[in-house]
A.B. asks: 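Quick one: the structure is below, questions incoming.
Below, chains carry the letters A, B, ... as their sequence lines are ordered, and counting in each starts from 1.
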2 protein chains.
Amino acid sequence: MATMTAAQRNARKKAQSKASYDAFLAVCPSRKLLDRISDKWVTLILCALGGGDEPRSLRYSELSRILAGVSQKMLTQTLRSLERDGLLTRTATPTVPVTVSYELTDLGLSLQQMVRGLKQWAETNMDDVLENRAAHDARTA
Amino acid sequence: MATMTAAQRNARKKAQSKASYDAFLAVCPSRKLLDRISDKWVTLILCALGGGDEPRSLRYSELSRILAGVSQKMLTQTLRSLERDGLLTRTATPTVPVTVSYELTDLGLSLQQMVRGLKQWAETNMDDVLENRAAHDARTA
DNA sequence: CAGGATCCCGCTAGATACTG
DNA sequence: CAGTATCTAGCGGGATCCTG
């Protein structure tokens, strides 16, 4: 094992983790992570930084404009959390006033692929859901 | 337009909806729908009913066993909501005691494809996130 | 511009008890 | 078995005010 490369150890650890985490289990850390990423603001921030096509870096004020109606608290809070988890990077340029930009990491980009589908699904199937609700409400009225 | 078939009208409506919903907008209904489906329990229920491979129907008690630690309230509440939105069907068989089973609809199955990726992402990248958190906390300590 | 710090309300998750 | 009903503590999240 002493001759194992870093890449090999990493691959080995990945293989282990695939088997050792299960979000169905209440005590599993991945349950909490799933809870964290299952969030409206997380999805929208990741989608904004993921862009329609190419990933792009955005400033705080740009994000708050794109995510219409988000409070500063939720935006800052969610950004901090995503930064801590290594999903995005925060870069402060010491201008006056200071300029801060956010950018997805590779890890964040991989999650963005997932949540992007979620956002699109919501937009695409909104009408169907609305109809189902109306039908259901009429049936149980 | 009077000669339009139902399928044509449906296709036309789909095309319209793709353009008219945008979850980035605060007032858009799809924002609320995104919020609704961005939920730990929604993801886990859909994954359970989606199965590892083939979709399967599950009973209430089976679901509560698979989703370890879920309260009856949250399980029932989430199931009702998903039923109302047309993502799953509830079937009560009048035995004694009554037997109730839940099954994904086609719409639910399409969403399951999305959230399944989310759950897997959380399990696969748990280690990376844990390391990022440790590194970040050490840096800002 | 990009937040930090507080206050505070609403609602919702969770626990408990009961039922057809 | 498959829920319903009720209560409460806790916190998510918005509003507001302040700062480097």
Side-chain angles (χ1 to χ4, degrees), chain A residues 23-27 31-45 48-49 56-85 88-103 136 140, chain B residues 23-27 31-45 48-49 56-85 88-103 136 140:
Chain A
F24 279 135
L25 304 176
V27 294
R31 166 79 66 94
K32 300 203 75 168
L33 181 57
L34 177 61
D35 198 16
R36 184 86 235 10
I37 64 180
S38 296
D39 178 72
K40 182 181 40 176
W41 300 126
V42 168
T43 297
L44 292 176
I45 288 176
L49 291 172
R56 51 182 168 170
S57 98
L58 291 174
R59 300 179 50 184
Y60 182 88
S61 54
E62 293 176 313
L63 278 170
S64 83
R65 216 173 308 120
I66 296 174
L67 308 202
V70 67
S71 65
Q72 300 103 325
K73 181 183 177 181
M74 286 316 297
L75 183 53
T76 302
Q77 193 172 292
T78 309
L79 285 170
R80 291 283 178 275
S81 169
L82 293 175
E83 184 193 4
R84 188 169 106 100
D85 289 353
L88 54 78
T89 58
R90 187 186 109 110
T91 310
T93 309
T95 52
V96 181
V98 64
T99 307
V100 179
S101 67
Y102 295 89
E103 196 164 358
H136 183 270
T140 63
Chain B
F24 279 135
L25 304 177
V27 294
R31 165 80 65 96
K32 301 201 75 167
L33 181 57
L34 177 61
D35 199 17
R36 182 97 229 7
I37 64 181
S38 296
D39 177 72
K40 180 180 43 174
W41 301 127
V42 169
T43 297
L44 292 176
I45 288 175
L49 290 173
R56 50 181 170 171
S57 97
L58 291 174
R59 300 178 49 184
Y60 183 89
S61 55
E62 294 177 312
L63 278 170
S64 83
R65 217 174 306 120
I66 295 175
L67 307 202
V70 67
S71 65
Q72 301 105 322
K73 182 183 176 180
M74 285 315 298
L75 182 54
T76 301
Q77 193 171 293
T78 310
L79 285 170
R80 290 282 179 277
S81 169
L82 293 175
E83 184 193 5
R84 187 169 108 99
D85 288 353
L88 54 79
T89 58
R90 187 186 109 110
T91 311
T93 311
T95 52
V96 180
V98 64
T99 305
V100 180
S101 67
Y102 295 90
E103 198 163 358
H136 184 270
T140 64

A.B. asks: Round to the nearest Å and state the distance from Leu79(B) atom CG to dA2(D) atom C1'.
C.D. replies: 11 Å

A.B. asks: Between protein and nucleotides 9-12 of chain C, what N or O pairs are separated by less than 3.5 Å?
C.D. replies:
none

A.B. asks: Both Gln72(A) and Lys40(B) contact DNA chain C. Taking the nearest nucleotide for each, which residue is further toward the 5' end?
C.D. replies: Gln72(A)

A.B. asks: Let me know the distance between CG of Asp39(B) and P of dG14(C), rounded to the nearest Å.
C.D. replies: 10 Å

A.B. asks: Taking only the side-chain heavy atoms of Thr99(B) (C-beta and beyond), determine which of dG14(D), dA2(D), dT16(D) contains the nearest atom.
C.D. replies: dA2(D)

A.B. asks: Starting at CG of Leu67(B) and ending at P of dA2(D), how long is that distance when rounded to a whole Å?
C.D. replies: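 Atom CG in Leu67(B) sits about 14 Å away from atom P in dA2(D).
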
A.B. asks: Any side-chain N or O of Arg80(B) below 4.0 angstrom from OP1/OP2 of dG3(D)?
C.D. replies: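 True: Arg80(B) side-chain N/O within range (under 4.0 Å) of dG3(D) OP1/OP2.
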
A.B. asks: Output the distance between atom CZ (Arg31(B)) and atom OG1 (Thr43(A)), rounded to the nearest 0.5 Å.
C.D. replies: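 Going from the CZ atom of Arg31(B) to the OG1 atom of Thr43(A) covers 11.0 Å.
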
A.B. asks: State the CG-OH distance between Leu58(B) and Tyr102(B), to the nearest 0.5 angstrom.
C.D. replies: 11.0 Å

A.B. asks: Where the side chain of Thr76(A) is concerned, which of dA2(C), dG4(C), dT4(D) is the nearest nucleotide?
C.D. replies: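 Out of dA2(C), dG4(C), dT4(D), the nucleotide with an atom closest to Thr76(A)'s side chain is dG4(C).
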
A.B. asks: Gly69(A) or Ser101(B): which one's nearest nucleotide on DNA chain D is closer to the 5' end?
C.D. replies: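 It is Ser101(B), whose closest nucleotide lies nearer the 5' terminus.
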
A.B. asks: Kindly write out the residues that satisfy salt bridge (Lys or Arg N to Asp or Glu O under 4.0 Å) with Arg80(B), not counting sequence neighbours, or none if the list is empty.
C.D. replies: none

A.B. asks: Kindly compute the distance separating CD (Glu62(A)) from CZ (Arg56(A)), expressed to the nearest 0.5 Å.
C.D. replies: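 These two atoms lie 8.5 Å from each other.
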
A.B. asks: Could you state the interatomic distance from CZ (Arg59(A)) to OG1 (Thr93(A)), rounded to the nearest 0.5 Å?
C.D. replies: 8.5 Å

A.B. asks: Which nucleotide sits closest to the side chain of Pro97(A): dC1(C), dG4(C), dG14(D)?
C.D. replies: dC1(C)

A.B. asks: Whole angstroms only, please: what is the CG-C1' distance between Leu75(B) and dA15(C)?
C.D. replies: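 About 16 Å, once rounded to whole Å.
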
A.B. asks: Rounded off to whole Å, could you give me the CH2-to-C1' distance for the Trp41(B) and dA13(C) pair?
C.D. replies: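 Computing the Trp41(B):CH2 to dA13(C):C1' distance gives 10 Å.
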
A.B. asks: Do you see a donor-acceptor pair shorter than 3.5 Å between the side chains of Tyr60(B) and Ser101(B)?
C.D. replies: no

A.B. asks: Atom CD in Glu103(B), atom CG in Leu49(B): separation rounded to 0.5 Å?
C.D. replies: 8.5 Å

A.B. asks: Using whole Å, what does the distance between atom P of nucleotide dG13(D) and atom CG of Leu44(A) come to?
C.D. replies: 13 Å

A.B. asks: Closest heavy-atom contact between Arg36(B) and Asp39(B)?
C.D. replies: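 Closest heavy-atom pair between Arg36(B) and Asp39(B): O-CB, 3.5 Å.
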
A.B. asks: For a quick test of reading the model: is some side-chain N or O of Tyr102(B) closer than 4.0 Å to OP1 or OP2 of dG3(D)?
C.D. replies: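 Affirmative; the distance criterion is met.
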
A.B. asks: Round to the nearest Å and state the distance from Glu62(A) atom CD to dA2(C) atom C1'.
C.D. replies: 13 Å

A.B. asks: Side chain of Ser61(B) only, heavy atoms from C-beta on: which candidate in dA2(C), dG3(C), dC1(D) is closest?
C.D. replies: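 For Ser61(B), the side-chain atoms sit closest to dC1(D).
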
A.B. asks: Rounded to whole Å, please give me the gap between CG in Asp35(A) and C1' in dG12(D).
C.D. replies: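 For the pair Asp35(A) CG and dG12(D) C1', the rounded distance is 12 Å.
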
A.B. asks: Counting only side-chain heavy atoms from C-beta out, which of dA2(C), dG3(D), dC1(D) sits nearest to Arg59(A)?
C.D. replies: dA2(C)

A.B. asks: Select one nucleotide: of dA2(C), dG3(D), dG14(C), the one nearest the side-chain heavy atoms of Val100(A).
C.D. replies: dA2(C)

